[in-house]
Amino acid sequence: MRGPLGTEFEGGLYHFRILLPAEYPFRPPSLMMLTPNGRFELNTKICISFTNYHEEEWQPAWGVRTAILGLQGFFPLKGQAASGVGSVENPISERKRLALLSREWVCPKCQQTNLGCLPDPTQQAAPTLNQPEGLRGLSRAEDQVEPPVIPPITPAPTAPGHSSAPETSTLGTFGFDPSVSRPAGPEIPISQGQDSPAASHTEATRGSLQTLHHRSHQSPLLLDTVICVLLVLVVALLCRRVL
């Protein structure tokens with residue numbers, strides 16, 4: 001485990017032991033520090049919130065990772081908050097000295113140094129010897145990708161007999177050049193005595209409208225005539241009964 005940043009334990013590497021009970025994860029683990037650190041006793045079960053000393057506060061969903069993070073958070077505590085079983089109070093200078101020595105501390109069981117088990121992270125991984133030379137600078141080349149260069153449009157050579165005046169490109173937003181003439185579509189021949197389909201359709205529509213307009217004017221006249229005839233018949237019947 002790495003020492004907390006910004007504290008006297010920064011840069012230190014600490015080896016500890018995790019003891020899991022048979023009922024884990026329903027019961028918390030026990031933690032024992034192995035590397036001299038000036039904060040916890042060695043080979044002694046530590047009393048913090050994530051260990052067997054406080055089983056009532058343990059949650060099965062936490063796991064070992066939460067216990068390790070909790071142990072790292074208890075390193076910089078001081079005073080009453082740092083008291084408990086397995087805690088010690090060493091001067092800051094002594095803790096800094098032990099932090100430097102902890103990097104080369106060798107575990108008697110693993111037979112490895114802390115630095116060998118937990119090497120320092122590098123800023124940028126060095127290229128391997130077996131990696132091709134072209135692939136070594138691939139990451140840097142990807143970061144410096146330049147936009148593609150569009151070649152300028154050169155006018156086509158003019159045929160003999162045509163004007164040789166230079167043509168200026170007036171491409172619009174969508175690449176349309178109004179100065180370039182476009183080939184016209186096929187023309188439909190129309191004889192003088194034959195009207196186009198569009199004209200015929202227009203004339204037919206106009207004739208239909210005139211017919212409807214004429215009929216609309218005739219309808220009120222027919223209705224008035226029928227009403228007058230009916231009134232005359234009614235008056236005639238009434239006069240006949242009276243006489």
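Any value given below was found using the heavy atoms of this structure, including those in side chains, with hydrogens, waters and symmetry copies removed. Given the structure is predicted, the values throughout are model-derived calculations rather than measurements. Position 1 is the first residue of the sequence; numbering continues from there.
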When Ile18, Leu19, Thr44 are each screened for side chain to side chain contact (heavy atoms under 4.5 Å, CB included) with Met32, the one that passes is Leu19
Apply the test side chain to side chain contact (heavy atoms under 4.5 Å, CB included) to residues Tyr53 and Val85: give CA-CA distance (whole Å), side-chain angles for both, the deciding distance (0.1 Å), then the verdict. CA-CA 9 Å; Tyr53 284 96; Val85 179; 3.5 Å; yes
Are Phe16 and Leu98 connected in a single hydrophobic cluster, I mean Ile/Leu/Val/Met/Phe/Trp/Tyr linked by side-chain heavy atoms less than 4.5 Å apart? no
Identify whether Trp105 and Leu115 are in the same connected component of the hydrophobic contact network (ILVMFWY, side-chain heavy atoms under 4.5 Å). no
Are Leu13 and Thr35 close enough that some pair of their side-chain heavy atoms sits under 4.5 Å apart? no
Between Lys78, Arg97, Arg39, which is the residue that forms a salt bridge (charged side-chain N to carboxylate O under 4.0 Å, His left out) with Glu8? Lys78
Rounded to the nearest 0.5 angstrom, the CD-CG distance for Glu10 and Leu100 is 11.0 Å
Quick one: does Pro21's side chain get under 4.5 Å of Glu55's, heavy atoms only? no
For Ile46, is there any backbone N or O sitting under 3.5 Å from a side-chain donor or acceptor partner on Thr51? yes
Closest non-hydrogen atom pair, Gly73 against Pro76: O-CD, 3.3 Å
Shortest non-hydrogen pair, Trp58 vs Pro25, comes out as NE1-O, 2.8 Å
Once rounded to the nearest 0.5 Å, what's the spacing between atom CG of Asn52 and atom CG of Leu31? 8.5 Å
Compare all side-chain heavy atoms of Leu223 with those of Ile227 and state whether any distance is below 4.5 angstrom. yes
Does the side chain of Leu34 reach to within under 4.5 Å of the side chain of Leu42, using non-hydrogen atoms? no
Can we call the ring centroids of Phe74 and Phe40 under 6.0 Å apart? no
Which word best sums up how the rings of Tyr14 and Phe9 line up, parallel for under 30°, tilted for 30 to 60°, or perpendicular for over 60°? perpendicular
If we count only N and O atoms by modelled type, under 3.5 Å, do the side chains of Asn114 and Ser102 hold a donor and an acceptor together? no
Salt bridge check, Arg95 against Glu89: does any charged N sit closer than 4.0 Å to a carboxylate O? yes
Return the CE to OG distance between Met33 and Ser87, rounded to the nearest 0.5 Å. 10.5 Å
What distance separates His54 NE2 from Ile48 CD1, expressed to the nearest 0.5 Å? 8.5 Å
Are Leu118 and Leu71 linked, directly or through intermediate hydrophobic residues, by side-chain heavy-atom contacts shorter than 4.5 Å (ILVMFWY only)? no
For Gln112 and Cys117, the nearest pair of non-hydrogen atoms, with its separation, is OE1-SG, 3.1 Å
Nearest heavy-atom contact between Met1 and Ile68 is SD-O, 4.0 Å
Looking only at heavy atoms, what is the nearest atom pair of Arg103 and Gly11, with distance? NH1-O, 3.0 Å
Which atom pair, heavy atoms only, marks the closest approach of Cys110 to His15? SG-NE2, 3.8 Å
Crowded around Lys109 NZ? As in, over 12 foreign heavy atoms under 6.0 Å? no
